[in-house]
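Just so we're clear, the structure is a prediction, and the values are computed from it rather than from any experiment. Below, chain A is the first sequence line, B the second, and so on; all start at residue 1.
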Number of protein chains: 2
Amino acid sequence: MSNCKTHKTCINEALKTAEIICNERGVKLTKLRQTVLKLIWKSHNYVKAYDLLDDLKKIDSSAKPPTIYRSLDFLMENGFIHKIRSLNAFIGCTHPNEHKECYFLICDNCQNIEECCSEQINKVVTSTTGKNHFEPNQVTLEISGICQDCIS
Amino acid sequence: MSNCKTHKTCINEALKTAEIICNERGVKLTKLRQTVLKLIWKSHNYVKAYDLLDDLKKIDSSAKPPTIYRSLDFLMENGFIHKIRSLNAFIGCTHPNEHKECYFLICDNCQNIEECCSEQINKVVTSTTGKNHFEPNQVTLEISGICQDCIS
DNA sequence: TCAATTATGTTATAATATAACATCAATTTC
DNA sequence: GAAATTGATGTTATATTATAACATAATTGA
């Protein structure tokens, strides 16, 4: 479960940040992409592409799979959302400006996902890939289990 | 690229180990499951489920998706193979007896996957989940990039 | 303005995975 | 050893996830 009090703030923050970053980068956060980002941020839980598509269809009944997947691609490329590979699902990024590598704590019970960064983990990954003479490109670290709020 | 000299040895090892573990556990490594495990071990590269199905069809033309997926499920449950979530692919496990958590170094160039264990990584994961009061269940750590042999 | 680029619309289909029910084989129990 | 139970496989159908390919529209920039 997330601790945000007024979730609207989370959504607005996410949209504003995305807007700013897009301007900096000279890429366009179009109406559609905004809408999709907003739909993803509907909650702190992960969302599936086709659920998103259903949501989008309520707004624009002509939406089709490529509509969603293209927006998802754009949002991922720019770091506004992440794909959770172990779930084939997507989630809004809580700090699109800052991180390099991050990892996810996925609650099997409440579906909430916590996005975390850890210098420690980065170091270990770097050192272990170094030992293997491996040039890392992308790190996927997803930890599923039971979150704080669901343990009791 | 893998360093095995006679890959047949890898396959035989994998099958023998699986056999022994199944006996210990009182579960059955049926003909079909053996065949699928052998097909997965055809190389050290990862394999896709439907490629596997095509291979299996050459042996038993009546094979269908559930044939493969059931065997894959069994082999995963017993730790003889792993699913690589970032690729929707499967790979034989190199040490089904020993490890708890492991991680994968996936070469984008040659498709080889190195399965590694690191006490260090386990510790960091434990400590970081602990800090978040998170009860971990399953850890997915997949690092893609360029392997030693493909860097030059 | 028109050429090039980028974004979106649209149709179709590819790729991945599972549900549901039938049958067969092995094991246990009486 | 026959019947009952369990586990494995066969089979049909379909769900879920994702992309290719081509058409059109909007935007940018020379």
Side-chain angles (χ1 to χ4, degrees), chain A residues 18-19 21-40 46-78 80-91 111 140 142, chain B residues 18-19 21-40 46-78 80-91 111 140 142:
Chain A
E19 190 80 58
I21 293 177
C22 282
N23 285 338
E24 280 172 14
R25 292 186 186 157
V27 296
K28 272 171 293 185
L29 191 66
T30 60
K31 192 82 200 299
L32 173 63
R33 289 163 176 172
Q34 272 183 49
T35 306
V36 173
L37 185 54
K38 209 182 292 181
L39 289 174
I40 290 170
Y46 61 77
V47 289
K48 310 283 283 177
Y50 276 73
D51 291 342
L52 218 44
L53 178 56
D54 288 340
D55 289 346
L56 185 59
K57 275 181 177 160
K58 287 172 200 157
I59 299 167
D60 171 3
S61 64
S62 76
K64 294 185 181 56
T67 319
I68 279 295
Y69 279 102
R70 281 173 187 151
S71 290
L72 289 173
D73 284 345
F74 173 87
L75 296 170
M76 278 194 287
E77 271 163 25
N78 286 283
F80 305 142
I81 63 170
H82 296 290
K83 178 164 190 177
I84 306 296
R85 316 280 344 194
S86 56
L87 296 169
N88 291 325
F90 302 85
I91 188 146
Q111 254 84 102
T140 301
E142 299 171 5
Chain B
E19 190 81 58
I21 293 175
C22 282
N23 284 339
E24 280 170 17
R25 292 184 189 159
V27 296
K28 270 171 294 183
L29 191 65
T30 60
K31 193 80 201 299
L32 173 65
R33 289 164 177 172
Q34 273 184 48
T35 305
V36 173
L37 185 54
K38 209 182 291 181
L39 289 173
I40 290 170
Y46 60 77
V47 290
K48 310 283 283 179
Y50 276 72
D51 290 343
L52 218 45
L53 178 55
D54 289 340
D55 288 346
L56 186 58
K57 274 180 178 162
K58 288 173 198 158
I59 299 167
D60 171 3
S61 63
S62 76
K64 293 185 182 55
T67 319
I68 278 295
Y69 279 102
R70 281 172 187 151
S71 289
L72 289 173
D73 284 345
F74 174 86
L75 297 170
M76 278 193 287
E77 271 163 25
N78 286 282
F80 305 142
I81 64 170
H82 297 290
K83 178 164 191 177
I84 306 296
R85 318 282 340 194
S86 55
L87 296 169
N88 291 325
F90 302 86
I91 189 149
Q111 253 86 99
T140 301
E142 299 171 5

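- At distances below 3.5 Å, at least one donor-acceptor pair connects side-chain atoms of B/Lys48 with backbone N or O atoms of B/Leu87.
- In this structure, CZ on A/Phe90 lies 13.0 Å from CG on A/Leu37, to the nearest 0.5 angstrom.
- Under the rule for a salt bridge (Lys or Arg N to Asp or Glu O under 4.0 Å), the partners of A/Lys58 that lie at least two apart in sequence or sit in another chain are A/Asp55.
- Among all heavy-atom pairs drawn from B/Arg33 and B/Leu29, the shortest one is CB-CD1, 4.0 Å.
- Atom NZ in B/Lys64 sits about 13 Å away from atom C1' in C/dA22, given to the nearest Å.
- Comparing the local axis fitted to the first five base pairs of the helix from C/dT1-D/dA30 to C/dC30-D/dG1 with the one fitted to its last five gives a bend of 20°, rounded to 10°.
- For the pair B/Met76 CE and C/dT18 C1', the interatomic distance rounds to 13 Å; values are reported in whole Å.
- Both B/Pro65 and A/Leu32 lie close to DNA chain C; mapped to their nearest nucleotides by heavy-atom distance, the more 5′-ward contact belongs to A/Leu32.
- For the pair B/Lys48 and C/dT16, the criterion of a side-chain N or O lying under 4.0 Å from OP1 or OP2 is met.
- The NZ atom of A/Lys31 sits 7.0 Å away from atom NZ of A/Lys38, with the distance rounded to the nearest 0.5 Å.
- Residues A/Lys28 and B/Thr30 both approach DNA chain D. Their nearest nucleotides, taken by heavy-atom distance, put B/Thr30 toward the 5′ side.
- Rounded to whole Å, the distance from NZ on B/Lys31 to C1' on C/dC24 is 17 Å.
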In sequence, state the C-alpha distance, the side-chain angles, and the governing distance for A/Val36 and A/Thr67, and then conclude on side-chain contact (heavy atoms from CB on, under 4.5 Å).
CA-CA 10 Å; A/Val36 173; A/Thr67 319; over 6 Å; no

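- Taking atom OH on B/Tyr50 and atom P on C/dT13, their separation rounds to 18 Å, with Å as the unit.
- We find that CD1 of A/Ile59 is positioned 14 Å from P of C/dT8, with the value rounded to whole Å.
- Nearest heavy atom pair, residue A/Ala49 against residue A/Leu72, reads CB-CD1, 4.0 Å.
- Between the B/Ser71 side chain and the B/Ile68 main chain, no donor and acceptor come within less than 3.5 Å of each other.
- At C/dT8, none of the side-chain N or O atoms of A/Arg70 fall inside 4.0 Å of OP1 or OP2 (strictly under the cut-off).
- Here the P atom of nucleotide C/dT16 and the CZ atom of B/Phe90 are 10 Å apart, to the nearest Å.
- Side-chain N or O atoms of B/Glu142 include one that pairs as donor or acceptor with a backbone N or O of B/Arg85 at under 3.5 Å.
- At C/dA17, one or more side-chain N or O atoms of B/Lys83 fall inside 4.0 Å of OP1 or OP2 (strictly under the cut-off).
- Summarising the geometry, the separation between CD1 on B/Ile68 and C1' on C/dT16 is reported as 13 Å, rounded to the nearest angstrom.
- Counting to the nearest Å, the P atom of C/dA7 and the CG atom of A/Asp60 are 18 Å from each other.
- Along DNA chain D, the stretch of nucleotides lying under 4.0 Å from any heavy atom of chain B spans, 5' to 3', D/dA8 to D/dT12.
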